[in-house]
Amino acid sequence: MTGDRAGDYRILHEAALRDYLAGLPDLVALLGAEPVSWSITEVGDGNLNLVFIVKGDRGGVAVKQALPYVRLVGKSWPLPLSRAHYEYLALSKQADLAPGLVPALLHHNETLALTVMELLEPHIIMRKGLVAAAQYPRFAGDITAFMARTLFFTSDLALSAAEKKEGIAAFAGNHALCKITEDLIFTDPYRIAEQNRWTAPYLDGLAASLRDDMDLHVAISRLKLKFMASPEALLHGDLHTGSIMVTDSQTRVIDPEFAFYGPMGFDVGAVLANLLMAYFASAGHERAPGERAAFEGWVLETVEQVWNEFARKFLDLWRAGAAGDAYPASLFAGETGAARLEAERQAYMQRLFADAVGFAAAKTIRRIFGLAHNIDFELIEDPRRRAISEARAVRLARAMMVETGAFPAIADVTGAARKLRDWMPEFVNG
Ligand code: ADP
Ligand code: MG
């Protein structure tokens with residue numbers, strides 16, 4: 001599936017892309033025999049890459065090509081093309097481990113940093129649906145299957161030590177993408193950085209307080225170290241609601257170009273954080289009261305299901321047959337051994353939950369003070385209303401990060417979110 005000589009990278013805009021795909025018989029068969037009649041539209045709304053949708057009379061595909069720089073910023077911020085290789089590798093692995101939950105891969109060209117995949121249609125980006133107060137009853141079940149399976153089966157609980165280290169090595173070169181996370185999530189929001197922005201003037205005081213808050217600086221630094229130094233499992237690495245495409249009956253995870261071996265709580269926390277942000281943003285959007293209440297109720301219920309079902313599925317996989325080198329069965333023989341191992345599994349999940357709570361908080365704060373914001377908040381046009389929603393999310397996030405122990409269960413997180421639903425930040429009266 002890979003081809004071409006090194007050094008032949010070029011950006012394939014419409015005509016060149018048409019010619020390129022026309023040279024691939026399998027894709028011609030899928031699209032329809034008349035390349036001139038294919039429609040080609042660039043739809044990339046992400047921060048980094050080009051995405052084209054190509055449609056012929058028989059079918060369609062999505063084509064993703066990496067640019068040698070960050071799309072959102074421009075050529076002044078170079079970024080290695082190799083991320084397309086890691087994205088392809090991660091998608092292949094996820095397709096094996098969590099069948100039906102990622103787009104099917106159709107073609108990859110390493111030199112062009114280009115991947116052709118199944119066209120997801122009529123799926124939409126989940127975040128867009130959440131902004132429109134849509135509910136996705138299948139989401140919790142699907143995303144927890146995705147996370148439980150991809151995380152468990154790439155961990156030391158399931159793999160031999162050799163397999164695990166080969167896995168780490170295969171993704172270790174994706175460090176430029178990790179560095180983006182290390183800077184944009186774990187560092188910049190807490191210091192003066194050119195790329196930071198927030199809803200001024202309302203959040204000016206909060207932004208300044210983040211820069212002086214040493215409890216928060218210790219907490220975010222611990223999380224950063226955990227992100228850098230804990231290769232527990234193959235992470236998606238960017239598992240927010242903009243990396244998930246949905247219909248009422250299907251969930252597909254896309255865009256794993258940040259994949260690497262890291263702490264499991266980072267992926268789980270990303271999902272929780274993005275649901276919580278949708279919850280807090282809800283108050284800022286024009287919504288009939290009944291619709292608002294129904295949506296917010298569903299979101300918090302989903303937050304609880306995401307953790308509870310993830311934990312249940314992960315534990316089921318562990319109990320059903322952990323073939324990995326961690327926790328050797330020979331050390332836990334007999335009834336006493338089984339009981340101690342089960343207690344240890346519960347303790348493991350408790351630590352993982354605390355990690356997820358901390359990472360969820362980090363993910364929230366970066367979306368409000370850092371470079372990349374999200375439409376949950378950005379589409380609240382009135383800046384004062386937006387700032388109120390954002391301040392509520394930040395209040396919860398700070399508590400989750402600094403007082404993580406005060407959130408021993410997911411119900412503590414949703415309970416705290418509920419309490420903040422109508423809380424008013426100081427700038428409202430000041
Ligand atoms: P980036 O890495 O630049 O963030 P994404 O992988 O998130 O790129 O894709 C950008 C957009 O392209 C998505 O938000 C989605 O609208 C569209 N897209 C990506 N993959 C597909 C697909 N397989 N089918 C349909 N649309 C897709
Ligand atoms: Mg994206």
Side-chain angles (χ1 to χ4, degrees), residues 1-72 74-75 78-96 99-125 128 174 177 236 238 242-247 250 252-259:
M1 271 175 128
T2 44
D4 278 4
R5 287 154 292 143
D8 279 348
Y9 174 83
R10 62 203 190 279
I11 296 172
L12 294 188
H13 284 296
E14 197 194 311
L17 181 59
R18 191 186 304 275
D19 289 348
Y20 178 78
L21 297 175
L24 301 168
D26 289 354
L27 292 181
V28 174
L30 196 157
L31 287 163
E34 298 280 342
V36 284
S37 70
W38 296 344
S39 71
I40 301 186
T41 326
E42 212 274 315
V43 296
D45 58 355
N47 297 333
L48 297 180
N49 305 290
L50 294 171
V51 177
F52 294 91
I53 287 182
V54 183
K55 283 188 183 172
D57 56 0
R58 300 188 63 169
V61 297
V63 182
K64 180 166 179 176
Q65 186 176 33
L67 295 166
Y69 49 85
V70 175
R71 178 179 182 162
L72 175 73
K75 292 185 178 162
L79 196 63
L81 294 169
S82 60
R83 66 187 190 273
H85 160 79
Y86 296 109
E87 176 164 357
Y88 175 73
L89 205 60
L91 276 170
S92 316
K93 193 79 199 159
Q94 292 159 351
D96 280 351
L101 294 173
V102 293
L105 287 164
L106 303 171
H107 172 79
H108 179 66
N109 183 312
E110 188 95 25
T111 306
L112 293 174
L114 176 142
T115 300
V116 183
M117 65 189 121
E118 175 192 0
L119 176 64
L120 298 173
E121 199 178 49
H123 304 63
I124 63 162
I125 288 290
K128 292 185 184 166
N174 205 19
L177 281 282
H236 176 283
D238 198 21
S243 298
I244 297 166
M245 296 189 74
V246 287
T247 65
Q250 289 190 356
R252 294 284 185 276
V253 176
I254 64 166
D255 198 11
E257 69 190 316
F258 285 81

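Below, each value reflects all heavy atoms present in this structure, side chains not excepted, and no hydrogens, waters or symmetry copies. Counting begins at 1 with the first residue of the sequence.
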Review point. At what distance, to the nearest 0.5 angstrom, does CG of Leu24 lie from CG of Leu27?
Key: 5.0 Å
Practice item. Check whether any side-chain heavy atom of Leu177 lies under 4.5 Å from a side-chain heavy atom of Glu257, and answer yes or no. Key: yes
Study note, to complete from the structure: Smallest heavy-atom separation, Gln250 atom then His123 atom, equals OE1-NE2, 2.8 Å
Point to revise | Heavy-atom donor-acceptor pair, Ser82 side chain to His85 backbone, under 3.5 Å | key: no
Study note, to complete from the structure: Heavy atoms of Trp38 and Gly56 approach each other most closely as CD1-CA, 3.6 Å
Point to revise | Separation of Leu48 CG from Leu72 CG (nearest 0.5 Å) | key: 8.0 Å
Review point. Would you say the side chain of His13 lies within less than 4.5 Å of the side chain of Leu50, judging by non-hydrogen atoms?
Key: yes
Review point. Quick one: does Ile254's side chain get under 4.5 Å of Val102's, heavy atoms only?
Key: no
Check your understanding: Counting only N and O atoms by type, is there a donor-acceptor contact under 3.5 Å from the side chain of Gln65 to the main-chain atoms of Leu12?
Key -> yes
Point to revise | Val61 vs Phe52 side-chain heavy atoms within contact, under 4.5 Å | key: no
Practice item. Would you please name every residue forming a salt bridge (Lys or Arg N to Asp or Glu O under 4.0 Å) with Arg18, sequence neighbours left out? Key: Glu14
**Study point:** Spacing of CD belonging to Gln94 relative to CG belonging to Leu91, to within rounding of 0.5 Å
**Key:** 5.5 Å
Review point. Does Leu105 reach the side chain of Tyr88, with side-chain heavy atoms less than 4.5 Å apart?
Key: yes
Practice item. Say whether, by atom type as modelled, one donor and one acceptor occur between the side chain of Glu118 and the main chain of Pro103 under 3.5 angstrom. Key: no
Practice item. State, with a plain yes or no, whether a side-chain heavy atom of Val63 is found less than 4.5 Å away from one of Leu21. Key: yes
Check your understanding: Tell me, do Val246 and Arg252 make a side-chain contact under 4.5 Å, heavy atoms counted?
Key -> no
Exercise for review: Output yes when Glu42 and Arg71 qualify as a salt bridge under the 4.0 Å nitrogen-oxygen rule, no when they do not.
Suggested key: yes
Check your understanding: Counting distance only, does the side-chain N/O of Ser243 pair as donor-acceptor with the main-chain N or O of Asp238 below 3.5 Å?
Key -> yes
Study note, to complete from the structure: Rounded to the nearest 0.5 Å, the CG atom of Leu81 sits from the CG atom of Leu112 at a distance of 9.5 Å
Practice item. Answer yes or no: is there a side-chain heavy-atom contact under 4.5 Å between Glu121 and Lys55? Key: yes
Study note, to complete from the structure: CD1 (Ile125) and CG (Leu120) are apart, to the nearest 0.5 Å, by 9.0 Å
Practice item. Could you pull out the closest heavy-atom pair between Pro25 and Gly23, with the gap in Å? Key: CD-O, 3.4 Å
Review point. Does a side chain donor of either His107 or Tyr20 reach within less than 3.5 Å of an acceptor in the other side chain?
Key: yes
Review point. Of the non-hydrogen atoms in Asp255 and His236, which two are nearest, and what is the gap between them?
Key: O-CE1, 3.4 Å
